[in-house]
Amino acid sequence: MELIMGPWPWYVGGGIVALVMIALILLGRSFGFSSNFRTMCSAMGAGNSCSFFQFDWRKQKWNLLFLVGAIIGGFISAHFLSDNHIPEISEVTVSQLKELGFESAGQAYSPTEIFNTWNVKTIAILAIGGLLVGFGTRYAGGCTSGHAISGLSDLQWPSLVAVIGFFIGGLTMVHLLFPLIF
């Protein structure tokens with residue numbers, strides 16, 4: 001049990017991801033979670049009113065199963081295989097977050113100031129962030145997992161461009177927009 005509950009070295013997780021990607025490449029499939037939204041909409045009949053959803057969703061059932069497995073695996077690991085240990089973050093990061101008003105920095109897994117406080121500002125931040133992530137996912141033709149893991153493994157030029165864009169967007173958010181919002 002200690003092996004399962006403790007942190008694994010990066011090379012174990014990286015090796016598992018590499019093996020999965022090699023298997024997917026050999027099977028002629030690509031990985032990505034955001035495509036599951038399109039698959040679910042198509043399965044529920046969205047193709048009747050929108051051409052974007054008109055495709056054979058049954059060919060993507062394996063990816064839906066992967067999504068369900070990730071959700072179930074996340075639930076099991078969070079509720080049965082976790083000792084609720086809060087990950088350690090650097091003192092510099094903790095002090096910078098506290099300067100921005102996040103007193104829970106280093107004491108909670110996620111900022112309680114955002115996720116435990118429901119007011120207009122919090123709801124607006126989460127809604128706008130969700131819409132931007134959804135728009136960006138469709139605009140980039142996939143999500144970070146699809147491009148950074150699957151696309152780069154397939155040596156796809158658009159995935160490299162998308163991943164560079166993800167990093168630029170993340171750095172812009174953290175260094176320019178985050179201080180303005182909070």
Side-chain angles (χ1 to χ4, degrees), residues 1-47 50-90 93 109-110 115 126 129-175:
M1 237 10 218
E2 190 172 322
L3 175 68
I4 293 173
M5 294 182 70
W8 290 6
W10 63 268
Y11 50 84
V12 173
I16 292 170
V17 170
L19 290 174
V20 169
M21 291 315 307
I22 290 169
L24 288 174
I25 289 170
L26 292 174
L27 292 170
R29 299 192 172 165
S30 63
F31 168 79
F33 269 63
S34 65
S35 59
N36 283 312
F37 178 69
R38 181 179 183 213
T39 304
M40 288 185 290
C41 289
S42 178
M44 290 188 250
C50 181
S51 63
F52 178 72
F53 297 111
Q54 292 174 351
F55 72 102
D56 185 11
W57 64 269
R58 288 172 186 85
K59 290 182 179 178
Q60 290 294 318
K61 284 193 296 188
W62 72 272
N63 208 9
L64 284 174
L65 187 61
F66 195 85
L67 174 68
V68 170
I71 293 169
I72 292 170
F75 178 82
I76 290 170
S77 65
H79 293 283
F80 302 111
L81 299 175
S82 173
D83 58 2
N84 293 323
H85 175 73
I86 288 137
E88 294 180 23
I89 57 177
S90 75
T93 303
Y109 193 78
S110 59
F115 295 104
L126 293 174
L131 288 171
L132 288 173
V133 167
F135 172 78
T137 299
R138 285 291 25 115
Y139 188 72
C143 60
T144 52
S145 61
H147 281 299
I149 299 172
S150 189
L152 290 180
S153 296
D154 271 342
L155 302 175
Q156 295 178 7
W157 174 252
S159 291
L160 178 62
V161 172
V163 170
I164 291 170
F166 297 151
F167 275 95
I168 291 170
L171 290 170
T172 301
M173 175 61 196
V174 168
H175 294 291

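Sequence positions, counted from 1, serve as the residue numbers for this chain.
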- Task: Quick one: closest heavy-atom pair of His147 and Ser159, and the distance?
- Result: ND1-OG, 2.9 Å
- Task: Tell me, please, which residues at least two apart from Thr172 pass side-chain hydrogen bond (donor to acceptor under 3.5 Å, both in side chains).
- Result: none
- Note on the structure: Sorted by chain and number, sequence neighbours left out, side-chain hydrogen bond (donor to acceptor under 3.5 Å, both in side chains) with Ser35 holds for Asn63
- So which heavy atom on Tyr109 is nearest to which on Ile86, and how close? N-CG1, 4.1 Å
- Item | For Phe75, ring-ring contact (aromatic ring centres under 6.0 Å, His included) partners two or more places apart | His79
- Query: By side chain to side chain contact (heavy atoms under 4.5 Å, CB included), which residues pair with Phe37, not counting sequence neighbours?
  - Reply: Cys41
- Should we say atom CZ of Phe52 is surrounded by more than 12 heavy atoms from elsewhere, each under 6.0 Å from it? yes
- Rounded to the nearest 0.5 Å, how far apart are CG of Asn36 and OG of Ser42? 12.0 Å
- Message: Is the shortest side-chain heavy-atom distance between Lys61 and Leu65 below 4.5 Å?
- Response: no
- Sequence neighbours excluded - side chain to side chain donor-acceptor pair (under 3.5 Å) pairs with any residue from residues 50-60: none
- Query: Residues in side chain to side chain contact (heavy atoms under 4.5 Å, CB included) with Val12, at least two apart?
  - Reply: Trp8, Pro9, Ile16
- Item | Minimal non-hydrogen separation, Val163 against Ala148, with atom names | CG2-CA, 3.6 Å
- Message: Holding to side chain to side chain contact (heavy atoms under 4.5 Å, CB included), I want the full list of residues that pass it with Ile72, two or more places apart in sequence or in another chain.
- Response: Val68, Ile76
- ring-ring contact (aromatic ring centres under 6.0 Å, His included) against Phe66, all qualifying residues, sequence neighbours excluded: Phe31, Phe33
- How far apart are the C-alpha atoms of Leu64 and Met40, what are their side-chain angles, what is the distance that settles it, and do they pass the side chain to side chain contact (heavy atoms under 4.5 Å, CB included) test? CA-CA 8 Å; Leu64 284 174; Met40 288 185 290; 3.6 Å; yes
- Item | Gln156 CD to Asp154 CG distance, which is reported to the nearest 0.5 Å | 5.0 Å
- Looking only at heavy atoms, the pair that brings Ala162 and Ala140 closest together is CB-CB, 4.5 Å
- Not counting sequence neighbours, which residues clear side-chain hydrogen bond (donor to acceptor under 3.5 Å, both in side chains) with Ser90? List them please. Thr93
- Query: Taking the six-membered ring of Phe53 as reference, does the NZ or CZ atom of Arg38 fall below 6.0 Å from its centre and within a 45° cone about the axis?
  - Reply: no
- Message: When you measure from the side chain of Ser77 to the backbone of Gly74, do you find a donor-acceptor pair of N or O atoms at a distance under 3.5 Å?
- Response: yes
- Under the 3.5 angstrom rule, does the side chain of Ser153 hit a backbone N or O of Ile149 as a donor-acceptor pair? yes
- Task: Any chance you could measure Phe55, atom CZ, to Thr39, atom OG1, to the nearest 0.5 Å?
- Result: 4.0 Å
- Could you pull out all residues at least two apart from Thr144 that satisfy side chain to side chain contact (heavy atoms under 4.5 Å, CB included)? Phe166
- Message: Main chain of Gly170, side chain of His175: is a donor-acceptor contact present, judged purely on distance under 3.5 Å?
- Response: no
